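Quick note: residue numbers are just sequence positions, from 1. This is a predicted model, so every value here is computed, not measured.
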Amino acid sequence: PDGSAIVGYVAGLKKYVYRDFHADGSYADISSDGPVEGRWVWTGPYYPTSGGALNAKRTYVIVNANRYERLFASVVDGKPQTMGHDACTKQP
């Protein structure tokens, strides 16, 4: 859904953090050690509008300097369950 996201590096955590505020009221509070071989793996809680919290896993695959693909999963019993995917393209 539409919304705003903030990504930054937190030296005290030695991690990148990703705060994702969706227009529908859902929110993600995920982090990553950084990119490895063209992939960013982000994990942490996702709070859907329906309530509760999901153990989220997002994988961002860097296709090139202008495009990356995103894979969304929820981790259930230690195994990722695919929830969806999309792609982002850098705008001029």
Under 3.5 Å, which donor-acceptor pairs link side chains of residues 74-87 to any protein atom two or more places apart or in another chain?
residue, atom, partner, partner atom, Å
D86, OD1, R70, NE, 2.8
D86, OD1, R70, NH2, 3.4
D86, OD2, R70, NH2, 2.7

For V10, the hydrophobic cluster (side chain heavy atoms closer than 4.5 Å, chained through members) also holds L13, V17

Look up atom CG in D20 and atom CD1 in I6, then write down how far apart they are to the nearest 0.5 Å. 9.5 Å

Taking ILVMFWY side chains as joined if any heavy atoms are under 4.5 angstrom apart, and letting links pass through other members, which residues group with I62? V7, Y9, Y16, Y18, I30, W40, W42, Y60, Y68

Residue list, ring-ring contact (aromatic ring centres under 6.0 Å, His included) with F72, at least two apart or on another chain: none

Tell me, do S26 and Y46 make a side-chain contact under 4.5 Å, heavy atoms counted? yes

Taking the side chain as every heavy atom from C-beta outward, state whether K57 and V41 have any pair of such atoms under 4.5 Å apart. yes

Which residues, ordered by chain and number, are linked to V63 in its hydrophobic cluster, where ILVMFWY side chains connect at heavy-atom gaps below 4.5 Å, directly or through other members? none

Taking only residues two or more places apart in sequence or in another chain, which ones pass side-chain contact (heavy atoms from CB on, under 4.5 Å) with T89? R67, Q91

Pairs where residues 28-42 contributes a residue and the test salt bridge (charged side-chain N to carboxylate O under 4.0 Å, His left out) is met, not counting sequence neighbours: K15-D33, R19-D29

Holding to side-chain contact (heavy atoms from CB on, under 4.5 Å), I want the full list of residues that pass it with V36, two or more places apart in sequence or in another chain. none

So how far is it from R58 CZ to S32 OG, rounded to the nearest 0.5 Å? 12.0 Å

Distance (rounded to the nearest 0.5 Å) between D24 CG and S50 OG: 9.5 Å

With A65 via side-chain contact (heavy atoms from CB on, under 4.5 Å) - residues at least two apart: none

